[in-house]
Amino acid sequence: GVRRLVFSSTAATYGEPEAVPIAETARTAPTNTYGATKLAVDHLITGEAVAHGLAAVSLRYFNVAGAYGAYGERHDPESHLIPLVFQAALGQREHIAVYGDDYPTPDGTCIRDYIHVADLADAHLLALDAAKPGEHLICNLGNGSGFSVREVIESVKRVTGREIPVRVSGRRAGDPAVLVASAERAHRELGWTPRRPNLDDIVADAWKFTLEKNGL
């Protein structure tokens with residue numbers, strides 16, 4: 001009986017982008033299974049909206065980070081960059097692995113668009129209000145600016161005041177060099193603007209949560 005849906009989609013639906021920043025009109029060609037499965041669900045939602053009047057919004061997240069009070073990232077095993085760098089800062093791992101330093105980017109490492117989790121939450125509430133029967137709206141959620149892996153590591157150094165051991169490894173299959181969002185549609189259709197776009201602020205909120213989680 002659900003007639004209104006907000007779906008957590010992903011920037012991985014685009015694969016290796018032909019142009020940056022990435023708009024929702026960009027070609028979708030996922031380079032990994034995660035992106036392919038999310039795209040398949042997006043197609044199913046479109047069909048349900050057209051055939052049966054579902055009111056739906058798909059939000060294509062770019063890299064979600066940060067924390068909100070006692071709510072932050074808890075993955076086991078951990079796979080996201082910022083929490084992994086924190087583990088290196090805390091001595092919980094010997095080093096942070098940088099997968100590839102030969103990408104066509106200024107410092108050779110992958111560039112990603114980081115969005116604060118509280119901004120992400122705001123977008124969901126706006127999307128619920130914006131959903132219209134028979135329509136499937138797809139919106140990117142990102143800050144519209146990208147930071148490289150090395151820039152993230154440097155941000156963690158600044159915020160924590162700790163050294164971060166780094167080890168460069170080979171590229172991972174399916175990792176595009178640059179993923180940065182155009183979120184103009186979300187601004188226009190949802191009335192959404194990220195309020196916490198600064199990388200150091202995102203890292204600082206996540207670091208505070210991490211210290212509390214570890215009893216430090």
Enter the distance from [X]:[atom1] to [Y]:[atom2] here, rounded to the nearest 0.5 Å.
X: Ile164; Y: Leu84; atom1: CD1; atom2: CG; value: 11.5 Å
X: Arg27; Y: Thr13; atom1: CZ; atom2: OG1; value: 11.5 Å
X: Leu81; Y: Ile96; atom1: CG; atom2: CD1; value: 5.5 Å
X: Asp201; Y: His116; atom1: CG; atom2: NE2; value: 8.0 Å
X: Thr46; Y: His43; atom1: OG1; atom2: NE2; value: 7.5 Å
X: Asp119; Y: Tyr68; atom1: CG; atom2: OH; value: 11.5 Å

Strictly distance-based, threshold 3.5 Å: is any side-chain N or O of [X] a donor or acceptor partner for the main-chain N or O of [Y]?
X: His52; Y: Leu54; answer: no
X: Lys38; Y: Ala11; answer: no
X: His187; Y: Trp192; answer: yes
X: Asp113; Y: Gly144; answer: yes

So if you build clusters from Ile, Leu, Val, Met, Phe, Trp, Tyr with side-chain heavy-atom gaps below 4.5 Å, do [X] and [Y] land together?
X: Leu120; Y: Ile138; result: no
X: Trp207; Y: Leu216; result: yes
X: Tyr114; Y: Val149; result: yes
X: Val98; Y: Val156; result: yes
X: Leu141; Y: Val117; result: yes

Any side-chain heavy atom of [X] within less than 4.5 Å of one from [Y]?
X: Arg112; Y: Val152; result: no
X: Arg171; Y: Asp102; result: yes
X: Thr28; Y: Arg60; result: yes
X: Asp101; Y: Arg150; result: yes
X: Val203; Y: Val85; result: no
X: Ser9; Y: Asp42; result: yes
X: Gln92; Y: Asn214; result: yes
X: Ser58; Y: His136; result: yes

Smallest separation among heavy atoms of [X] and [Y], with atom names:
X: Asn140; Y: Ala183; value: O-CB, 3.8 Å
X: Ile45; Y: Ala56; value: CG2-CB, 3.4 Å
X: Ala65; Y: Ile202; value: CB-CG2, 3.6 Å
X: Ala127; Y: Leu190; value: CA-CD2, 4.0 Å
X: Pro17; Y: Val178; value: CG-O, 3.2 Å
X: Ala131; Y: Arg4; value: CB-CG, 3.8 Å

Stepwise side chain to side chain contact (heavy atoms under 4.5 Å, CB included) check, Tyr14 with Glu24: CA-CA 9 Å; Tyr14 298 113; Glu24 293 84 357; 3.9 Å; yes
His124 ring center near Tyr61 ring center (under 6.0 Å): yes
Candidate pair Thr25 and Arg185, rule side chain to side chain contact (heavy atoms under 4.5 Å, CB included), full reasoning: CA-CA 10 Å; Thr25 53; Arg185 183 180 289 177; 4.1 Å; yes
Sole candidate of Asp200, Asn198, Thr160 that passes side-chain hydrogen bond (donor to acceptor under 3.5 Å, both in side chains) when paired with Ser155: Asp200
Electrostatic pair Asp205:Arg196 at N-O distance under 4.0 angstrom: no
Under 3.5 Å side-chain donor-acceptor pair for Asp107 and Thr109: yes
Heavy atoms of other groups near Arg188 CZ, more than 12 under 6.0 Å: yes
More than 12 heavy atoms of other groups within 6.0 Å of Lys157 NZ: yes
Derivation of the side chain to side chain contact (heavy atoms under 4.5 Å, CB included) call for Leu90 and Arg162: CA-CA 8 Å; Leu90 291 169; Arg162 304 186 182 209; 3.6 Å; yes
Geometric class of the His75/His80 ring pair [parallel <30°, tilted 30-60°, perpendicular >60°]: perpendicular
